[in-house]
Amino acid sequence: IGRRRATLANIRRLQADARTWSAGGRTSAGLWSLERVREAAAALELLGPEFTLSPEEQEFLGPVDADDMHARLERRNTTHRERALIGRRLAVLGDQRTGTGVMDSGTPDIHWCAVYGGEVTIRTRRRFLGGARKRRKRVESFSIARYPITVAQYRAFLEAEDGWRDATWWRDDLYRDPEGGRYETGDFSNHPAVYVSWFDAVAFCRWLSSRLDMAVRLPGEWEWQQAATDGE
């Protein structure tokens, strides 16, 4: 009882706040912060199967089970709002999906997906003549990362001794912003890294190529189209 006193107190607060939230119209403003959700998830894990939340309490707390969240991300009918919430929850509770984090060596763990080659069609607007025209091009097979480079993966490049600070990756053809190593690239470790310039992205690819001993580069427009639409 002594060891579980704090755990049980946390759950009792959750139950009380869930009742208040329900009586107040179930607004998003009444939901718990991510930090409190993490504490509640740890408490539920400690209590184990001997304790279950009511449907109202589960709705108030939101998703906390990693396996369930992973399954929901694979469903086509999961809404963008639900996906955004799951992404934040996984970032706080620990995102174990392959392709979102960093290996023990400090190298980004990329989940590569094969994209088969084919003829790609892109419609472009004609600025002066009006209308649109179709452009076609043959794209060879390649692989692309399943997820955009995450904050955790780009941070590994910034913090590595052989990473952003190493002039090897910049050579004479890339501009390195002196402040680029201190940019805030995002709040959640599993979210896409933002505010990364093209120069920094190319340097990252060169560094990752060396780490993985394979050629890594940014995809071209035609490759993006093939990966997103299978050429349609």
Please answer whether the main-chain N or O of [Y] pairs with a side-chain N or O of [X] as donor and acceptor at a distance below 3.5 Å.
X: Thr229; Y: Gln226; value: no
X: Thr185; Y: Ala193; value: no
X: Trp21; Y: Ser28; value: no
X: Gln153; Y: Gly101; value: yes
X: Glu74; Y: Ala71; value: no
X: Arg165; Y: Glu159; value: yes
X: Thr78; Y: Arg72; value: yes

Any side-chain donor paired with an acceptor under 3.5 Å for [X] and [Y]?
X: Asp162; Y: Trp169; answer: no
X: Asp166; Y: Trp207; answer: no
X: Thr20; Y: Asp17; answer: no
X: Tyr183; Y: Asp177; answer: yes

State, with a plain yes or no, whether a side-chain heavy atom of [X] is found less than 4.5 Å away from one of [Y].
X: Arg123; Y: Arg133; result: no
X: Val120; Y: Ile122; result: yes
X: Phe188; Y: Val151; result: no
X: Leu90; Y: Arg97; result: yes
X: Asp95; Y: Ser189; result: no
X: Ser143; Y: Val115; result: no
X: Tyr116; Y: Phe142; result: no
X: Ser209; Y: Met214; result: no

Does [X] have more than 12 heavy atoms from other residues, nucleotides or ligands lying within 6.0 Å of its [atom1]?
X: Gln15; atom1: CD; result: yes
X: Asp213; atom1: CG; result: no
X: Phe51; atom1: CZ; result: yes

Sole residue of Thr7, Leu53, Asn10 in side chain to side chain contact (heavy atoms under 4.5 Å, CB included) with Leu44: Leu53
Let me confirm one number: the [atom1]-[atom2] distance from [X] to [Y], rounded to the nearest 0.5 Å.
X: Asp68; Y: Arg89; atom1: CG; atom2: CZ; result: 11.5 Å
X: Gln96; Y: Asp67; atom1: CD; atom2: CG; result: 10.5 Å
X: Leu14; Y: Glu39; atom1: CG; atom2: CD; result: 11.0 Å
X: Leu212; Y: Met103; atom1: CG; atom2: CE; result: 6.0 Å
X: Leu47; Y: Leu8; atom1: CG; atom2: CG; result: 5.5 Å
X: Trp112; Y: Thr98; atom1: CH2; atom2: OG1; result: 14.0 Å

Salt bridge or not between [X] and [Y]? Use side-chain N to carboxylate O under 4.0 Å.
X: Arg88; Y: Asp187; answer: no
X: Lys137; Y: Glu223; answer: no
X: Glu179; Y: Arg182; answer: yes
X: Glu59; Y: Arg26; answer: yes
X: Arg206; Y: Asp173; answer: yes

[Y] reachable from [X] in the ILVMFWY side-chain graph, under 4.5 Å edges:
X: Leu31; Y: Leu93; result: yes
X: Leu34; Y: Met69; result: no
X: Leu61; Y: Val92; result: no
X: Val196; Y: Tyr175; result: yes
X: Trp224; Y: Trp198; result: no

Criterion side-chain contact (heavy atoms from CB on, under 4.5 Å) on Thr79 and Arg83, from CA distance to verdict: CA-CA 6 Å; Thr79 66; Arg83 291 178 185 277; over 6 Å; no
Plane angle bin for Phe204 and Phe157 - parallel if under 30°, tilted between 30 and 60°, otherwise perpendicular: perpendicular
Test side-chain contact (heavy atoms from CB on, under 4.5 Å) applied to Tyr147 and Ile110, step by step: CA-CA 8 Å; Tyr147 306 110; Ile110 308 297; over 6 Å; no
Ring-ring centroid check Phe60 Trp32, cutoff 6.0 Å: yes
Verdict with reasoning, Glu82 to Leu73, per side-chain contact (heavy atoms from CB on, under 4.5 Å): CA-CA 9 Å; Glu82 291 174 317; Leu73 288 175; over 6 Å; no
Mind listing the closest non-hydrogen atom pair of [X] and [Y] along with its distance?
X: Gly87; Y: Asn190; result: O-ND2, 2.9 Å
X: Ala156; Y: Gly106; result: CB-O, 3.5 Å
X: Leu174; Y: Ala203; result: CD1-N, 3.9 Å
X: Arg13; Y: Arg36; result: NE-NH2, 3.6 Å
X: Ile11; Y: Ala40; result: CD1-O, 4.4 Å
X: Gly186; Y: Val194; result: N-CG2, 4.3 Å

Glu56 and Gln58: CA distance, side-chain angles, deciding distance, side-chain contact (heavy atoms from CB on, under 4.5 Å) verdict: CA-CA 5 Å; Glu56 177 186 78; Gln58 290 176 350; over 6 Å; no
Phe199 six-ring face occupied by Arg176 cation (under 6.0 Å, within 45°): no
